[in-house]
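Note sheet for the following structure.
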Amino acid sequence: MPEPLGTLESLWRYPVKSMLGEETPEADVAGQGIDGDRRWALIDRATGRVASAKNPRLWRSLLTMSAAADGTAARIVLPGGEVVRSTDTGADAVLSRLLGRPVALTDVPPEGATLERAVPDEVLAAGVTAEVAVEEGAVGAAAPGRFVDFAPVHLIGTATLDAIGAASPRGRVEAARYRPNLIVRTAGPGYQENGWVGRDLAVGDEVVLRGMAPTPRCAIPTLEHGDLPRDTAALRVPARDNRVEPLPGFGERPCAGLYAQVVRTGRVRRGDTVRLL
């Protein structure tokens with residue numbers, strides 16, 4: 001029998017990788033994930049890698065920008081309120097000037113696309129401006145054609161957010177720091193998502209997801225996100241309380257949330273019932 005987990009509290013997409021995203025009341029879910037999610041990214045012209053705030057020394061300022069899907073384009077709001085669109089001929093020049101590195105905005109992942117992920121524990125110890133060890137990883141391994149880190153969909157339960165917040169000096173943690181697509185209103189203990197790996201989850205009447213792995217956390221949750229301040233506890237707490245191996249051979253990592261693949265496509269809406277099948 002299906003086991004009720006909770007309800008879909010909110011639904012998010014992040015049209016440009018590592019920029020702030022947008023909440024939407026409903027969305028189509030295809031095999032590659034949420035419509036419009038991680039469709040665009042910046043490519044570092046100097047290295048050919050995908051720009052990601054996972055390497056905060058170089059790219060944390062991406063989180064001062066927000067992006068929204070606007071038809072077939074991305075609409076980007078810069079820190080001062082200026083707006084550029086992915087279709088503007090001068091978009092690359094504007095973004096390059098703001099970031100201090102030559103970049104190109106694209107919706108076509110380069111062949112063999114990779115990004116750099118700063119080792120989270122070293123970022124915690126040395127700070128976001130320090131040169132620390134980085135790991136190079138593939139982009140979109142389970143969702144070709146998108147700039148997702150790994151899986152098509154990322155979800156997190158409010159019980160996990162509540163557990164992290166309760167153990168943090170600030171007494172709370174914002175879901176936005178973890179950049180999920182689906183925030184599920186859940187009760188009970190935190191980190192339940194660990195137990196959803198290999199299980200199917202029905203979201204509403206149409207969509208079925210399958211848990212692939214607990215979501216390993218990088219330095220991004222600790223960074224400033226728009227008006228949100230820096231918060232190292234957003235990583236320190238799961239690093240202490242939920243250090244597990246997300247995939248064989250990865251070693252133990254601080255995890256919070258769930259990576260999922262799409263088993264059955266359809267439309268999801270805020271307020272949908274989420275069930276464990």
Side-chain angles (χ1 to χ4, degrees), residues 3 5-6 9 12 33 52-56 115-125 132-143 148-170 172-201 203 209-223 231-263 274-277:
E3 176 188 342
L5 290 178
E9 181 172 276
W12 289 80
S52 168
K54 289 178 181 296
N55 187 348
L115 57 74
E116 288 183 333
R117 174 185 182 271
V119 174
D121 289 341
E122 293 195 20
V123 176
L124 285 176
V132 300
V134 297
E135 303 167 329
E136 188 166 0
V139 173
V148 296
D149 292 334
F150 174 61
V153 177
H154 171 218
L155 60 90
I156 196 167
T158 57
T160 293
L161 297 171
D162 290 344
I164 296 171
S168 301
R170 296 173 59 233
R172 66 185 187 281
V173 72
E174 297 84 1
R177 296 183 180 279
Y178 301 98
R179 303 175 62 79
N181 297 119
L182 309 180
I183 302 173
V184 182
R185 170 58 59 182
T186 52
Y191 309 111
Q192 300 170 38
E193 300 91 336
N194 294 351
W196 302 346
V197 175
R199 302 288 301 275
D200 287 353
L201 295 88
V203 184
L209 307 175
R210 181 167 298 152
M212 297 181 71
T215 309
R217 305 316 327 190
C218 60
I220 287 179
T222 72
L223 304 177
D231 184 1
T232 59
L235 177 59
R236 291 187 191 276
V237 172
R240 183 194 66 202
D241 296 343
N242 195 49
R243 191 177 283 269
V244 299
E245 186 171 44
L247 292 167
F250 271 60
E252 291 188 348
R253 307 285 181 100
C255 292
L258 181 76
Y259 277 143
Q261 65 188 117
V262 180
V263 175
V274 181
R275 296 164 291 141
L276 192 61
L277 302 180

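Position 1 is the first residue of the sequence, and the numbers go up from there.
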Main chain of [Y], side chain of [X]: is a donor-acceptor contact present, judged purely on distance under 3.5 Å?
{"X": "Q192", "Y": "A187", "result": "yes"}
{"X": "R243", "Y": "A239", "result": "yes"}
{"X": "Q261", "Y": "M212", "result": "no"}
{"X": "R177", "Y": "I220", "result": "no"}
{"X": "R199", "Y": "L276", "result": "no"}
{"X": "T186", "Y": "A159", "result": "yes"}
{"X": "R236", "Y": "T222", "result": "no"}
{"X": "E122", "Y": "A133", "result": "yes"}

[X] [atom1] to [Y] [atom2] distance, which is reported to the nearest 0.5 Å:
{"X": "L258", "Y": "T215", "atom1": "CG", "atom2": "OG1", "value": "6.0 Å"}
{"X": "R170", "Y": "I164", "atom1": "CZ", "atom2": "CD1", "value": "12.5 Å"}
{"X": "N181", "Y": "I156", "atom1": "CG", "atom2": "CD1", "value": "11.5 Å"}
{"X": "D162", "Y": "R185", "atom1": "CG", "atom2": "CZ", "value": "6.5 Å"}
{"X": "E174", "Y": "L161", "atom1": "CD", "atom2": "CG", "value": "9.5 Å"}
{"X": "D200", "Y": "R275", "atom1": "CG", "atom2": "CZ", "value": "11.5 Å"}

Of all the heavy-atom pairs spanning [X] and [Y], show the shortest one and how long it is.
{"X": "P246", "Y": "P214", "answer": "CB-O, 3.4 Å"}
{"X": "S52", "Y": "L115", "answer": "CB-CD2, 4.0 Å"}
{"X": "G190", "Y": "A163", "answer": "CA-CB, 4.0 Å"}
{"X": "L223", "Y": "A53", "answer": "CD1-O, 3.8 Å"}
{"X": "V173", "Y": "A234", "answer": "CG2-CB, 3.9 Å"}
{"X": "K54", "Y": "C218", "answer": "NZ-SG, 3.4 Å"}

| field | Polar contact flag, side-chain donor to acceptor under 3.5 angstrom, T158-E9 | value |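 E9 and T158 do not have a side-chain donor-acceptor pair below 3.5 Å.
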Is any side-chain heavy atom of [X] closer than 4.5 Å to a side-chain heavy atom of [Y]?
{"X": "N242", "Y": "N194", "answer": "yes"}
{"X": "W196", "Y": "L155", "answer": "yes"}
{"X": "Y191", "Y": "V244", "answer": "no"}
{"X": "L201", "Y": "V184", "answer": "no"}
{"X": "V132", "Y": "V119", "answer": "no"}
{"X": "V148", "Y": "Y259", "answer": "no"}

| request: Mind checking side chain to side chain contact (heavy atoms under 4.5 Å, CB included) for A233 and listing every partner two or more places apart, or none if nothing turns up? | output: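 A233 satisfies side chain to side chain contact (heavy atoms under 4.5 Å, CB included) with S168, P169, D231, V237 once adjacent residues are dropped.
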| task | Give the C-alpha distance, both sets of side-chain angles, the deciding distance and a yes or no for side-chain contact (heavy atoms from CB on, under 4.5 Å) between L209 and V262. | result | CA-CA 5 Å; L209 307 175; V262 180; 4.0 Å; yes
| query | When you check the gap from the basic side-chain N to the acidic O, do D149 and R117 get nearer than 4.0 Å? | reply |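 No salt bridge links D149 with R117.
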